[in-house]
2 protein chains.
Amino acid sequence: MDQDTHVPTIKDVAKKANVSAATVSRVLHNLSGFSDRTKRKVLQVAEELGYRPNAIARGLVNKRTQTIGVLFPNVSGGFSTDILHGMEEAAHENGFSIIVCNTARDGERTMKYLQVLREKQVDGIIFASQVIKDDYVTELAAMRVPVVLVNTLASKDSIPYVKVDDQQAAYQATTYLIQNGHREIAMIAGTLGDRLTGLPRLKGYRQALEDHGIPFSESRVAYGDFQLEGGRSAMEKLLSEAPPFTALFAASDEMAIGAMGVAFEGGIKIPRDLSIIGYDDLIVSRMIYPPLTTIHQPLALMGRSALEMLIALIGGKQEVSNRIVQHRLVERGTVRPLARD
Amino acid sequence: MDQDTHVPTIKDVAKKANVSAATVSRVLHNLSGFSDRTKRKVLQVAEELGYRPNAIARGLVNKRTQTIGVLFPNVSGGFSTDILHGMEEAAHENGFSIIVCNTARDGERTMKYLQVLREKQVDGIIFASQVIKDDYVTELAAMRVPVVLVNTLASKDSIPYVKVDDQQAAYQATTYLIQNGHREIAMIAGTLGDRLTGLPRLKGYRQALEDHGIPFSESRVAYGDFQLEGGRSAMEKLLSEAPPFTALFAASDEMAIGAMGVAFEGGIKIPRDLSIIGYDDLIVSRMIYPPLTTIHQPLALMGRSALEMLIALIGGKQEVSNRIVQHRLVERGTVRPLARD
DNA sequence: GTATAGAGAGTAAACGTTTACTCTCTATAT
DNA sequence: ATATAGAGAGTAAACGTTTACTCTCTATAC
């Protein structure tokens with residue numbers, strides 16, 4: 001009766017194979033200290049019993065769980081999704097599992113997750129595109145596990161990261177609009193307070209303008225939250241309050257798409273009446289119509305990179321260097337060259 | 001020196017508070033068997049030391065990890081993403097963590113994941129929209145953990161699930177096209193061999209046709225894989241090989257969007273020249289232009305439901321009943337009523 | 001023929017909790 | 001004054017592994 005509900009342990013294997021648990025462990029790990037005969041016997045018994053090692057017990061002794069915690073501001077955004085995909089891939093290849101956490105951009109919730117991850121003894125942590133508060137840093141320090149950032153920075157560069165050069169990318173996006181003859185260019189920027197992703201993109205935009213002799217005007221900038229709805233309301237604000245503009249740079253594809261929706265609803269044809277360039281190159285951005293001209297970030301690759309950096313750190317590497325990955329402007333259907341006047 | 005790298009355990013707390021580890025444990029779990037004085041002392045010391053319980057050790061003794069494994073055919077699809085979001089939410093509320101696995105529709109890979117999840121002693125497993133092979137069922141049985149299915153079925157209904165009524169939903173979608181005056185209706189169906197999601201939708205389509213006196217023709221059906229690319233190639237095939245049609249029912253939004261792309265490229269205007277209805281109601285479906293008319297599935301809710309069912313089972317509930325959630329046709333911009341001839 | 005090295009394998013402690021049992025008080029009932 | 005109940009707390013085993021040590025052979029070197 002008991003056999004029916006008992007899941008076999010290493011001891012069961014040991015007993016049935018007439019060896020000690022230690023020997024079974026050695027065989028299973030292919031260490032030394034057993035004869036060929038024993039090895040065969042152990043393997044056969046393990047197979048027979050359907051034995052699987054218990055990673056929890058293993059984790060307890062060698063203080064490794066082969067598990068990594070990943071925190072996203074919103075799991076369901078196309079953005080997080082693409083990054084997650086790359087991470088998952090790399091994790092699987094390296095024998096790690098991923099616990100996903102959706103922080104919903106909420107500081108308290110993030111702290112709660114950090115504690116859970118600590119208790120679960122994850123081997124490392126990745127933060128994706130999220131502002132890193134000091135609280136987090138303190139908690140992370142107490143956890144004594146390596147951390148890697150994707151698409152964000154910690155103060156004083158204290159944590160390794162992989163990201164693109166936001167300012168340069170924004171500069172390029174804006175310049176592209178200018179080269180297409182636009183001079184009245186609005187921007188939907190990221191969260192106002194966000195100095196890490198929001199500000200550099202705004203700076204790139206401003207710099208491009210000024211380098212081409214176009215005065216920057218705060219009145220042509222609206223702030224969103226990188227998400228669809230934020231893009232929509234920013235666009236509405238721009239349309240009603242800003243001086244007229246012929247082109248728009250949105251600091252995220254989601255916001256660009258939100259803005260496009262508002263434009264369509266208002267009878268503004270894209271790109272005929274308004275040119276738009278986004279930032280991210282989500283998978284959906286090429287699915288929509290017209291397909292979005294945007295700054296491509298290799299998101300899956302960035303996820304993969306971050307995970308590989310993290311694994312190196314977990315493996316004992318003392319330091320990894322930050323990685324600036326290459327962005328790229330991809331021309332699709334939402335920017336129209338303006339006829340010279 | 002050692003203090004510097006040592007992470008405090010329950011024993012450290014015990015020693016510093018002059019009590020036994022058992023007492024600390026009792027205090028922390030708010031059981032009985034300690035005075036108020038002791039409680040205060042223990043709590044204070046735990047706080048001072050920055051003590052956090054080790055869930056791995058805990059898991060070892062009470063054979064619970066508060067962790068759930070979730071398997072998706074492709075994490076980066078909008079589909080999985082929305083479901084995951086609902087699950088993550090519910091998991092967090094109930095003190096569970098989620099390990100995500102991307103099976104890439106690969107049987108071997110799935111088995112590998114199942115084994116990892118078994119070793120990691122997850123408390124339960126959720127399969128999302130994936131064909132359940134017999135191999136899996138065997139492995140799952142050996143794991144002795146509860147399983148719940150989302151958007152799929154196992155043979156003989158042996159595993160509880162939450163899904164919509166695919167056949168009825170497809171019937172409704174097709175009927176809607178018919179009621180809008182269409183009689184030449186093509187379909188992009190799911191994977192040919194897939195009897196679980198693919199076939200019912202095909203059946204619903206066929207049934208609706210026949211109930212309205214329209215002969216079903218195999219030549220107007222093309223098969224995709226539920227993903228974007230599959231939709232594109234199916235559409236190309238339909239356009240070149242099928243008899244002309246004025247409307248199209250796609251068994252997934254992704255395929256519908258892929259088909260729309262092909263249509264646009266071919267100069268076919270939607271909905272003027274061709275009406276399209278999809279299936280899923282992904283978040284992106286309302287972001288694109290024109291916004292997709294489709295069958296809404298409450299994906300996040302389904303994810304949440306599945307997770308709650310699973311937790312009930314983990315909690316010892318003997319049985320949960322399957323849940324058929326309500327779908328809904330949402331009218332947006334891709335279906336045009338056909339003028340009566 | 002003895003010393004010795006190394007192969008093969010077992011013993012037991014350790015990882016950090018939880019929990020069943022046990023023990024010692026103090027307070028109350030008789 | 002004694003029996004007894006219950007509060008407060010400790011002891012130790014258990015969970016399933018890994019691993020440092022130890023032990024016993026057999027084979028080889030001399």
Side-chain angles (χ1 to χ4, degrees), chain A residues 2 5-43 45-46 49-67 116 118-123 143-144, chain B residues 2 5-43 45-46 49-67 116 118-123 143-144:
Chain A
D2 195 59
T5 78
H6 181 74
V7 7
T9 71
I10 200 171
K11 288 182 194 165
D12 299 313
V13 176
K15 192 175 298 174
K16 188 154 180 204
N18 290 315
V19 296
S20 70
T23 299
V24 176
S25 177
R26 281 186 293 246
V27 169
L28 263 22
H29 288 277
N30 226 334
L31 302 176
S32 59
F34 50 83
S35 66
D36 243 42
R37 198 171 164 289
T38 306
K39 173 173 177 177
R40 276 196 304 277
K41 178 76 180 168
V42 167
L43 257 22
V45 170
L49 258 33
Y51 168 75
R52 291 281 149 196
N54 180 327
I56 296 297
R58 212 211 301 280
L60 187 57
V61 10
N62 45 230
K63 292 155 170 317
R64 278 289 184 78
T65 55
Q66 300 293 113
T67 304
V116 170
R118 155 126 87 136
E119 294 187 3
K120 295 215 165 146
Q121 314 290 123
V122 295
D123 294 337
M143 297 177 70
R144 301 164 195 288
Chain B
D2 194 59
T5 79
H6 180 75
V7 7
T9 73
I10 199 171
K11 287 182 194 164
D12 298 313
V13 177
K15 192 175 299 175
K16 188 155 180 202
N18 291 313
V19 296
S20 70
T23 297
V24 176
S25 177
R26 282 187 292 248
V27 168
L28 262 24
H29 288 277
N30 226 333
L31 302 177
S32 60
F34 50 84
S35 66
D36 243 43
R37 197 171 164 288
T38 307
K39 173 174 178 177
R40 275 197 303 278
K41 179 74 180 170
V42 167
L43 258 22
V45 171
L49 257 34
Y51 168 74
R52 290 281 149 196
N54 180 328
I56 295 298
R58 215 213 297 281
L60 188 56
V61 13
N62 44 230
K63 293 155 170 315
R64 279 289 185 78
T65 55
Q66 302 291 114
T67 304
V116 171
R118 156 127 88 135
E119 294 187 3
K120 295 215 165 147
Q121 313 290 122
V122 295
D123 295 337
M143 297 178 70
R144 301 162 194 288

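These numbers come from a predicted model, not from an experiment. In the text below, chain A, chain B and the rest are named by the order of the sequence lines, each starting its count at 1.
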Evaluate side-chain contact (heavy atoms from CB on, under 4.5 Å) for A/V42 paired with A/K39, printing each intermediate quantity in order.
CA-CA 5 Å; A/V42 167; A/K39 173 173 177 177; 6.0 Å; no

In whole angstrom, give the distance that lies between atom CG of B/L31 and atom P of D/dA9.
14 Å

Report which part of the nucleic acid A/T38 touches: base, sugar-phosphate, or nothing (heavy-atom distance under 4.0 Å, all strands).
sugar-phosphate

In whole angstrom, give the distance that lies between atom CZ of B/R118 and atom P of D/dG16.
14 Å

Whole angstrom is fine here: how far is it from CD1 in B/I56 over to P in C/dT18?
13 Å

Round to a whole Å and report the spacing from CD of B/Q121 to P of D/dG16.
9 Å

Step by step, would you call A/K120 with B/T67 a side-chain contact (heavy atoms from CB on, under 4.5 Å)?
CA-CA 9 Å; A/K120 295 215 165 146; B/T67 304; 3.3 Å; yes

Using a 4.0 Å heavy-atom cut-off, does A/R52 contact any base of the nucleic acid, only the sugar-phosphate backbone, or nothing at all?
sugar-phosphate

Which listed nucleotide (C/dA12, C/dG16, D/dT17) is nearest to the side chain of A/A22?
C/dA12

Classify B/N18 by what it touches in the nucleic acid, base, sugar-phosphate, or nothing, heavy-atom distance under 4.0 Å.
sugar-phosphate

For the side chain of B/S35, counting heavy atoms from C-beta on, which of C/dG10, D/dG8, C/dG16 is nearest?
D/dG8

Distance, rounded to the nearest Å, where A/F34 contributes CZ and D/dT19 contributes P:
14 Å

Of the listed nucleotides (D/dG16, D/dT18, C/dT17), which one gets closest to any side-chain atom of B/A57?
C/dT17

Taking the minimum atom-to-atom distance to the side chain of A/H29, which one of D/dT18, C/dT17, D/dT17 wins?
D/dT18

So B/I56 and B/T65, do their side chains get closer than 4.5 Å, heavy atoms only?
no

Interatomic distance where NZ belongs to B/K11 and C1' belongs to C/dT17 [whole Å]:
9 Å

Which whole-number value in Å describes the distance from A/H6 NE2 to D/dG16 P?
7 Å

Specify the closest pair of heavy atoms between A/A57 and B/L60, including all atoms of both residues, with the distance to one decimal.
CB-CD1, 3.7 Å

Under 3.5 Å for both donor-acceptor distances, Watson-Crick or wobble: does C/dC23 have a partner, and if so which one?
D/dG8

side-chain contact (heavy atoms from CB on, under 4.5 Å) assessment of A/R58 paired with A/Q66:
CA-CA 10 Å; A/R58 212 211 301 280; A/Q66 300 293 113; over 6 Å; no

Checking C/dG10, C/dG16, D/dG16 against the side chain of A/V61 (C-beta onward), the nearest is D/dG16

OP1 or OP2 of D/dG10 versus the side-chain N and O atoms of B/T23: is any pair under 4.0 Å?
yes

Donor-acceptor pair present, A/R26 side chain and C/dG8 base, under 3.5 Å
no

B/L60 CG to D/dG16 P: how many Å, rounded?
7 Å

DNA chain C: A/K63 or A/G33, which has the more 5' nearest nucleotide?
A/G33

Test log, rule side-chain contact (heavy atoms from CB on, under 4.5 Å), inputs A/R40 and A/D36:
CA-CA 6 Å; A/R40 276 196 304 277; A/D36 243 42; 3.7 Å; yes

The side chain of A/N54 is closest to which nucleotide in this list: C/dA12, D/dT17, C/dT17?
D/dT17

Does C/dT2 have a Watson-Crick or wobble mate here (both distances under 3.5 Å), and if so which one?
D/dA29

Under 4.0 angstrom between B/S20 side-chain N/O and D/dG10 OP1 or OP2
yes

